[in-house]
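The structure appears below as structure tokens.
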Amino acid sequence: MAFPTEFLDLAKRVNNWGRWGSDDQIGTLNLITDEVVRAAAATVRSGRRVALAVPLSQRGIQTGMIPGRVNPLHSMVAVNWELFGEGTVATSDDVVTMGLQAGTHWDALPHVSYEGRLYNGRSADTITAHRGATFAGIDAVPHIVSRGVLLDVAAARGVEGLDGGYAVTPEDLEAAEEFGGVQVRAGDVVLVRTGQMRLFLAGDREGYAMPAPGLSVRCPEWFHARDVAAVANDTLAFEVMPPEIDGVWLAVHALHLVEMGMLQGQNWNLQGLSAACADEGRYEFLLSAMPEPFVGATGTPVAPVAIL
């Protein structure tokens with residue numbers, strides 16, 4: 001298909017190809033410098049820790065809407081096995097089969113492509129059935145530790161959760177900055193709370209999935225202007241659906257991952273963090289969100305922790 005001018009103009013304005021060299025594989029994570037991490041560490045005051053991942057279980061987020069993205073299937077391959085003989089120390093062991101993006105996760109840069117291209121202009125053919133992503137796979141990302149900023153859009157609007165189909169705009173992000181008394185700056189990892197996760201936590205898996213709020217196609221320019229390192233939210237699709245630009249599905253994915261080289265995360269549980277930030281009266285924190293280094297993977301489970 002021919003992409004409309006509206007989308008292509010946006011793509012040009014946020015493009016980062018070559019900004020960190022033609023061989024760069026981590027994109028905007030280059031913005032997390034030593035200075036950024038030292039400043040992030042200085043935000044820790046109370047030492048309060050808030051886990052941001054949903055449980056990994058067979059009754060997880062996936063409902064079959066995304067083919068092949070299965071919830072974790074957990075099996076025991078050894079139960080109290082006396083490996084070295086009767087009366088010796090016994091061991092138990094497990095195996096899991098799951099979609100790497102089934103729960104709380106990061107999308108790696110090759111997760112989407114369009115017009116046959118990935119981030120930095122690489123061919124989408126660098127993803128193969130046997131080797132996976134041979135360029136910019138999640139294993140290229142050694143660590144993600146930075147200042148985290150919660151933009152609590154739902155709380156700023158005075159609601160438990162945004163309506164399904166609501167498009168979160170740059171104006172919403174700025175209102176959430178004002179609400180939290182915080183300003184997004186270069187190298188930040190921005191967490192956008194819509195409140196949608198409350199549905200999953202209450203047992204409504206289908207309601208959590210669709211209809212859902214999500215980021216507007218106007219948001220990538222806002223993140224680009226502020227040199228944001230990565231963005232995550234509390235929804236399944238990340239962006240609002242149906243698409244704002246007619247016929248361009250996953251437009252925000254394409255702008256973030258392909259054009260900007262910016263990781264994005266989905267299914268993050270921001271409910272407890274919202275309460276903790278409100279309790280402490282501040283919306284910045286040290287964030288650790290290490291990817292699991294699956295070689296060639298286009299995404300990874302993550303168990304993020306915010307430290308206030």
Side-chain angles (χ1 to χ4, degrees), residues 1-31 62 64-70 97-103 105-144 215 217 219-221 223-224 228-232 236-239 241 243 245-267 290-302:
M1 64 167 281
F3 286 84
T5 301
E6 181 183 0
F7 173 78
L8 296 176
D9 286 347
L10 275 171
K12 288 178 183 177
R13 292 199 293 272
V14 302
N15 183 275
N16 280 327
W17 294 3
R19 180 175 175 182
W20 296 285
S22 60
D23 293 327
D24 176 63
Q25 300 187 57
I26 64 171
T28 55
L29 294 180
N30 284 289
L31 296 164
Q62 301 305 316
M65 185 176 73
I66 305 173
R69 192 176 285 187
V70 296
T97 300
M98 64 176 288
L100 294 184
Q101 289 136 309
H105 68 268
W106 284 119
D107 287 339
L109 301 186
H111 175 53
V112 301
S113 63
Y114 76 96
E115 295 185 333
R117 294 293 166 185
L118 302 170
Y119 168 65
N120 236 356
R122 293 301 176 97
S123 171
D125 291 339
T126 56
I127 305 173
T128 68
H130 294 291
R131 297 182 61 197
T134 60
F135 176 81
I138 201 63
D139 53 301
V141 179
H143 38 66
I144 301 177
L215 294 186
V217 75
C219 289
E221 270 196 285
F223 297 129
H224 184 265
V228 168
V231 180
L236 178 69
F238 188 82
E239 59 192 271
M241 291 192 180
I245 301 175
D246 189 41
V248 186
W249 295 86
L250 299 179
V252 177
H253 278 65
L255 294 171
H256 283 170
L257 300 171
V258 179
E259 298 293 344
M260 291 173 63
M262 183 174 73
L263 265 64
Q264 63 180 37
Q266 286 125 276
N267 302 323
M290 298 295 195
E292 295 292 341
F294 287 100
V295 174
T298 63
T300 176
V302 62

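Since we're looking at a predicted model, the values are computed, not measured. What's counted below: heavy atoms across the whole structure, side chains too, no hydrogens, waters or symmetry copies.
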**OP:** Output the distance between atom CZ (Arg13) and atom CD (Glu221), rounded to the nearest 0.5 Å.
**Re:** 4.0 Å
Side-chain polar contacts of residues 124-135 - donor-acceptor pairs under 3.5 angstrom, sequence neighbours left out - could you list them?
residue	atom	partner	partner atom	Å
Thr126	OG1	Ser123	O	2.7
Thr128	OG1	Arg131	N	3.0
Thr134	OG1	Thr126	O	2.5

Subject >> Approximate separation, where rounding is to 0.5 Å, of Ile26 CD1 and Met262 CE >> reply: 14.5 Å
Original post:
Is the count of non-hydrogen atoms from other residues, nucleotides or ligands lying under 6.0 Å from Asp9 atom CG greater than 12?
Top reply: yes
Original post:
Going by heavy atoms in the side chains, are Leu118 and Leu109 under 4.5 Å from each other?
Top reply: no
**OP:** State, with a plain yes or no, whether a side-chain heavy atom of Pro301 is found less than 4.5 Å away from one of Met98.
**Re:** yes
Original post:
Considering the options Gln62, Gln266, His111, which one meets the side chain to side chain donor-acceptor pair (under 3.5 Å) requirement together with Gln101?
Top reply: His111
Original post:
Atom CG of Leu255 and atom CD of Gln264: how far apart are they, to the nearest 0.5 Å?
Top reply: 10.0 Å
Subject >> Spacing of CG belonging to Leu263 relative to NE2 belonging to His256, to within rounding of 0.5 Å >> reply: 11.0 Å
Original post:
Yes or no on side chain to side chain contact (heavy atoms under 4.5 Å, CB included) for Leu250 and Met241, after CA distance, side-chain angles and deciding distance?
Top reply: CA-CA 9 Å; Leu250 299 179; Met241 291 192 180; 3.5 Å; yes
**OP:** State, to 0.1 Å, how close Gln25 and Ala136 come at their nearest heavy-atom pair, and which atoms those are.
**Re:** OE1-N, 2.6 Å
Subject >> Check: Asp107 side chain, Thr298 main-chain N or O, donor-acceptor pair, under 3.5 Å >> reply: no
Subject >> Side chains of Pro4 and Ile245 in contact at under 4.5 Å (non-hydrogen atoms) >> reply: yes
Subject >> Partners passing ring-ring contact (aromatic ring centres under 6.0 Å, His included) against Phe7 (at least two apart in sequence or in another chain) >> reply: Phe3, Tyr114
Original post:
So which of Val302, Asp139, Leu100, Thr300 actually passes side chain to side chain contact (heavy atoms under 4.5 Å, CB included) with Glu292?
Top reply: Thr300
**OP:** Report yes if the side chains of His253 and Glu239 come closer than 4.5 Å at any heavy-atom pair, otherwise no.
**Re:** yes
Subject >> side chain to side chain donor-acceptor pair (under 3.5 Å), paired with Tyr119, selected from Thr28, Asn15, Asn16, Asp24 >> reply: Asp24
Original post:
Quick one: are Ile144 and Trp106 in side-chain contact, heavy atoms under 4.5 Å?
Top reply: yes
Original post:
Which pair of non-hydrogen atoms, one from Pro110 and one from Gly137, has the smallest distance, and what is that distance?
Top reply: CG-N, 4.0 Å
**OP:** Please step through side chain to side chain contact (heavy atoms under 4.5 Å, CB included) for the pair Leu215 and Val231, ending with a clear verdict.
**Re:** CA-CA 10 Å; Leu215 294 186; Val231 180; 4.2 Å; yes
Original post:
Which pair of non-hydrogen atoms, one from Ile138 and one from Pro291, has the smallest distance, and what is that distance?
Top reply: CG1-CB, 3.8 Å
**OP:** Any chance you could measure Asn30, atom CG, to Arg19, atom CZ, to the nearest 0.5 Å?
**Re:** 8.5 Å
Original post:
Are any of the side-chain heavy atoms of Arg122 and Asp23 separated by less than 4.5 Å?
Top reply: yes
